[in-house]
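Everything below concerns the one structure shown next.
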Amino acid sequence: MSKQISPIERSQFLNLFRAVAPYIYQHKGKTFVICLGSDIFSTKYFDNLVYDLNLLNSLGIKLVLVYGVSLPLTPSERVHKNPSNDPRVIDLECLQVAKVAAGNIYYQIQAAFSQGLPNTPMSGAEFKLISGNYITASPKGTINGIDYQYAGKVRKIDTKSLIQALSDHMVVVVPPFGYSPTGEMFVLSEEILSSEIAVQLQAEKLIYFVPLNQLPRGGSEKSAFSPCQIPKLLESMATDIPNQQIIQDYLLVSAEACRNGVSRCHLLPHSEDGSLLLEIYTHFGIGLMIVDDTISYIREATIEDIGSILKLLQPFEEEGILVKRDRRDIEQSIHQFSVLDYDGMLLATVMLDLYPQERTAEMACFSVAKQIQGLGEGKKMLQHIEKRALELGLTSLFVLTTQTTHWFLKNGFHFVNTDWLPLDRQKKYNPLRASKIMVKSLVEMA
Ligand SMILES: CC(C)(COP(=O)(O)OP(=O)(O)OC[C@H]1O[C@@H](n2cnc3c(N)ncnc32)[C@H](O)[C@@H]1OP(=O)(O)O)[C@@H](O)C(=O)NCCC(=O)NCCS
């Protein structure tokens, strides 16, 4: 029995696969450190998460999984009813419970990764896990008169062995323990441990799962924040959200990791099926991302950008908003293009066609990818071009537009007749298209 793929399914599949392809390429060979808090092992979608981790591994991503265990309260914490007191005192009883819990979780992870995954596209795939004494720790010691006993802090990470295991295509599993050169064992906080490993490995991503369905964004629509925006985000967050302390800790640790060279940190809702894939392989993701400010910037185009510029312009040309240009046109004028580079993806462009004698230039091919329109990027591109025009000594900018007059009016352009255009441009004006000509004076800005 054979069933043909319908045209809609075919186009949906092709669009989806093509949209994901750049991310697959971008992440291949990169290291992701993933912190698995103790709550995640009992969530409904844990098996799906393991499946997704397998998938990432098969797509060439190097994975370090750092896990945590839930600890019993010490007698003093029971008396003071202060379970969220951090750092925790780890007494001997607590250490024993942590060891048993960590062993159980390790076997649970091994079992989950060893599933045959029948009837799934990962069927037959085999992944090897590895663990070891990668972490040297020392006791946290006595702080303000409190002896933290078996609570430890990271002293050294055996980065060489971790890198070796990752190059051998192993998934590295790190329990929340460190060992002292005298043979003692200390319990470590998994969020700090994962962040320190990510920093040492200069990982591409550090990922935390937060025990929430949806992440608070402090009233902002944004999902990406720079480390310096985190204090403000924390201030603006509602104070009554569940697990607020955990979110706050993760955000602060992430901001620190980012400052120390981890490219991106992500907080994902742990009970959302597929949150890992949605975050990594879609543009806007599903969680909160903490990233260095330099993720999005406007730069001059190079010949490597030609394919992406063509792709960006195509939908607007098909809608008749922009005049069609072929590869050759763009190749010849590539040095007149500016582009918005967002995390390696090209999401907006504009070309400056100079008329030096008239001290003006045409803004052509001005376009912002549909998925980010309305977020102010068009305005930023215009400001960039204005600055560039001023540096070139120009006194005005003009555009020819059929459908976007209101945007330009709002941004300081006014209508003029064809006579206004430089003579060379007048000759190329297509009356059939009947574009409106709009000009912005730069004189007041100079
Ligand atoms: C025009 C364009 C470049 C603006 O980029 P953008 O990033 O969406 O713009 P911004 O976010 O800076 O500005 C958004 C504002 O412009 C408005 N806007 C967007 N497109 C508009 C249009 N075609 N006409 C009128 N207003 C428009 C939005 O409603 C929004 O208004 P608000 O601030 O009141 O909410 C983008 O919409 C685009 O690429 N359009 C298709 C190509 C095009 O028309 N190019 C110009 C041809 S010369």
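As the structure lists them, so they are numbered: ligands from 1, and atoms in each ligand from 1. Not measured: the values here are computed from a predicted model.
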Hey, does [X] come in under 3.5 Å of ligand 1, counting only N/O atoms on both sides?
| X | value |
| --- | --- |
| K379 | yes |
| H406 | no |
| G378 | yes |
| I321 | no |
| S367 | no |

Which residue and atom name correspond to the protein heavy atom nearest [atom], and how close is it?
| atom | result |
| --- | --- |
| atom 11 (O) of ligand 1 | G376 N, 2.6 Å |
| atom 47 (C) of ligand 1 | L322 CD2, 3.8 Å |
| atom 31 (O) of ligand 1 | K410 NZ, 2.9 Å |
| atom 4 (C) of ligand 1 | W407 NE1, 3.4 Å |
| atom 8 (O) of ligand 1 | G374 N, 2.8 Å |
| atom 1 (C) of ligand 1 | T404 CG2, 3.5 Å |
| atom 39 (O) of ligand 1 | V368 N, 2.8 Å |
| atom 42 (C) of ligand 1 | F366 O, 3.6 Å |

Using a 4.0 Å cutoff against the non-hydrogen atoms of Q403, which atoms of ligand 1 qualify? 23 (N)

Output the list of atoms in ligand 1 that are nearer than 4.0 Å to some heavy atom of L400, sorted by atom number. 48 (S)

Can [X] and [Y] be counted as an ion pair, charged N to O under 4.0 angstrom?
| X | Y | answer |
| --- | --- | --- |
| E256 | R259 | yes |
| E377 | K380 | yes |
| R299 | D305 | yes |

Between [X] and ligand 1, which part of the residue brings a heavy atom under 4.0 Å of the ligand: side chain, backbone, both or neither?
| X | value |
| --- | --- |
| T405 | neither |
| F316 | side chain |
| M381 | neither |

Start with the C-alpha distance between Y297 and L340, add both sets of side-chain angles, then the distance that settles side chain to side chain contact (heavy atoms under 4.5 Å, CB included), and finish with yes or no. CA-CA 6 Å; Y297 61 101; L340 171 72; over 6 Å; no

Could you tell me whether the side chains of S435 and T402 share a donor-acceptor contact shorter than 3.5 Å? no

Check: H27 ring centroid to F32 ring centroid under 6.0 Å: yes

Aromatic ring proximity, centroids under 6.0 angstrom, W420 and F415: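 No, ring centres 6.0 Å or more apart.
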
Quick one: does atom 29 (O) of ligand 1 have a protein heavy atom under 4.0 Å from it?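 No.
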
Hey, is atom 35 (O) of ligand 1 touched by any protein heavy atom at less than 4.0 Å? no

Indicate the ring-plane relationship of Y281 and Y23, choosing parallel, tilted or perpendicular according to the 30° and 60° boundaries.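 Rings of Y281 and Y23: perpendicular, over 60°.
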
Would you call the rings of F398 and Y355 parallel, tilted or perpendicular, taking 30° and 60° as the class edges?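 The rings of F398 and Y355 sit tilted, inter-plane angle from 30° to 60°.
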
Euclidean distance, I437 CD1 relative to T418 OG1, rounded to 0.5 Å: 5.0 Å

From L442 CG over to T360 OG1, what is the distance, rounded to the nearest 0.5 angstrom?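 One gets 7.5 Å once the value is rounded to the nearest 0.5 Å.
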
Side chain to side chain contact (heavy atoms under 4.5 Å, CB included) evaluation trace for W407 with F366: CA-CA 12 Å; W407 192 89; F366 184 32; 3.4 Å; yes

